[in-house]
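Contents: one structure, followed by commentary.
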Amino acid sequence: MAQVPGMETSAISVLKRAVELDQTSRFQESLVCYQEGIQLLMDVLKAVKDDSKKFHYREKIKGYMDRAEQIKVHVNQLKEEGKYHEQIRIAEDATGYSYDALFRPYINEGLTEVWVEDPYIRHIHQLYNFLRFCEMLLKACCKVTRIHLLTSQEEGENSSQQASALLELRQSLESQRVRLDVQYSTFHDREIRFDNGWIIKIGRGLDYFKKPKGRFSIGYCDYDLRQCQETTVDIFHTKHTKTL
């Protein structure tokens, strides 16, 4: 019983976030939070012994489950009609937008192939960003087997750095049974596509984090704590996945 207050606090926090996302029409994200919060409340329900409290939690769970189901139906209808569009505005200096936090709502077990179009995977910090993105995919609840990268080619003395970094990453991904295909082009579009139909367009591409103030500053290692540059994220869904 000593764990119940902590479990309940966690559930309240997640469900509060779900409601906030719901109210701002960020439905896919809110659905993920509702599902997580409902599971936490169900854990609380199992732990309490008082019948009146059990009734209270059952009613709460039912209400949240009903709302989650409504959102699921709504999102599926929009996806079916090809009308799904969600926009996230990341404010200057905002935190909490690591790749895991941003992309997780759109990753599922059916995801196997990813296309990344970003002209700025060239400099060392941008290459590290792409590495972190790949690591995020490997840790997620999916079985990605192929990642396509379309970027612009670095010129001058730094060209070998880009080539060697991407070669090393390709070899490392191969050890995880993931194939990395790299192509170069001169373009300015930034877009990430998943073969489950989700399309994420970030105004700044993957390079939306600010440089940390120092190597021992908060946010240097944990990107959830890293400050961001102002940008906009547009999310769409399509049945037709583009190939490079």
Considering the options H123, Q162, Q126, which one meets the side-chain hydrogen bond (donor to acceptor under 3.5 Å, both in side chains) requirement together with E154? H123
Assess whether atom NZ of K211 is packed by more than 12 heavy atoms of other residues, nucleotides or ligands within 6.0 Å. no
Closest non-hydrogen atom pair, Y97 against I88: CE2-CG2, 4.0 Å
Verify side-chain contact (heavy atoms from CB on, under 4.5 Å) between D22 and R67, making sure each step is shown before the conclusion. CA-CA 10 Å; D22 189 353; R67 180 54 187 157; 2.7 Å; yes
Lys/Arg-Asp/Glu bridge criterion (N-O < 4.0 Å) met for K62, D66: yes
Give me the atom names and distance for the closest heavy-atom approach of D224 to D222. N-OD1, 2.9 Å
Any donor-acceptor N or O pair under 3.5 Å, side chains Y120, N129: no
Any side-chain heavy-atom pair from R17 and C33 closer than 4.5 angstrom? yes
Interatomic distance, CZ@F130 vs CG@D118, rounded to 0.5 Å, equals 9.0 Å
Checking the side chain of R26 only, and the main-chain atoms of L21 only, is there a donor and an acceptor separated by less than 3.5 Å? no
Does S98 reach the main-chain N or O of A101 with its side chain, forming a donor-acceptor pair under 3.5 Å? yes
Donor-acceptor contact present, side-chain R170 to main-chain L180, <3.5 Å: yes
T95 side chain to L225 main-chain N or O, any donor-acceptor pair under 3.5 Å? no
So F187 and L150, do their side chains get closer than 4.5 Å, heavy atoms only? yes
Going by heavy atoms in the side chains, are T232 and K201 under 4.5 Å from each other? no
Interatomic distance, L102 atom CG to I192 atom CD1 [nearest 0.5 angstrom]: 8.0 Å
Please determine whether the number of non-hydrogen atoms from other residues, nucleotides or ligands lying under 6.0 Å from atom CE of M65 exceeds 12. no
Judged by atom type as modelled, is there a donor-acceptor pair below 3.5 Å linking the side chain of Q23 to the main-chain atoms of A18? no
What verdict does the side-chain contact (heavy atoms from CB on, under 4.5 Å) test give for L31 and K72, after you've listed the backbone C-alpha separation in whole Å, the side-chain angles of each residue and the deciding distance to 0.1 Å? CA-CA 7 Å; L31 184 59; K72 199 171 183 179; 4.2 Å; yes
Donor on one side chain, acceptor on other, R89 and Q87, under 3.5 Å: yes
Value for CD1 (I200) from CZ (F194), rounded to nearest 0.5 Å, stands at 4.5 Å
A side-chain contact here means heavy atoms from C-beta on lying under 4.5 Å apart; do E86 and S25 qualify? no
Take L138 and V144 through the side-chain contact (heavy atoms from CB on, under 4.5 Å) test and state the conclusion after the steps. CA-CA 7 Å; L138 289 174; V144 169; over 6 Å; no
State whether K210 and E92 are salt-bridged, where the test is any N-O pair (Lys NZ or Arg NE/NH1/NH2 against Asp/Glu carboxylate O) under 4.0 Å. yes
Between CZ of R146 and CZ of R179, what distance do you get to the nearest 0.5 Å? 4.0 Å
R132 and E135 ion-paired at < 4.0 Å: no
So that I can tick it off, tell me whether D195 and R193 are bridged by a salt bridge, with the cut-off set at under 4.0 angstrom between side-chain N and carboxylate O. no
Taking the ring centre of each residue, are W198 and Y84 less than 6.0 Å apart? yes
Between H237 (side chain) and N196 (backbone), is there a donor-acceptor pair under 3.5 Å? yes
Evaluate ring-ring contact (aromatic ring centres under 6.0 Å, His included) for F209 paired with Y223, printing each intermediate quantity in order. CA-CA 8 Å; F209 295 105; Y223 274 36; 4.5 Å; yes
Parallel, tilted or perpendicular, judged at 30° and 60°: which one describes the rings of F103 and Y99? tilted
Compare every heavy atom of L45 with every heavy atom of K54, then report the nearest pair and how far apart it is. NZ-O, 3.3 Å
Taking it one step at a time, do Y184 and V182 satisfy side-chain contact (heavy atoms from CB on, under 4.5 Å)? CA-CA 7 Å; Y184 298 102; V182 180; 3.9 Å; yes
Within a strict 4.5 Å, meaning less than it, do heavy atoms of the H74 and I71 side chains meet? no
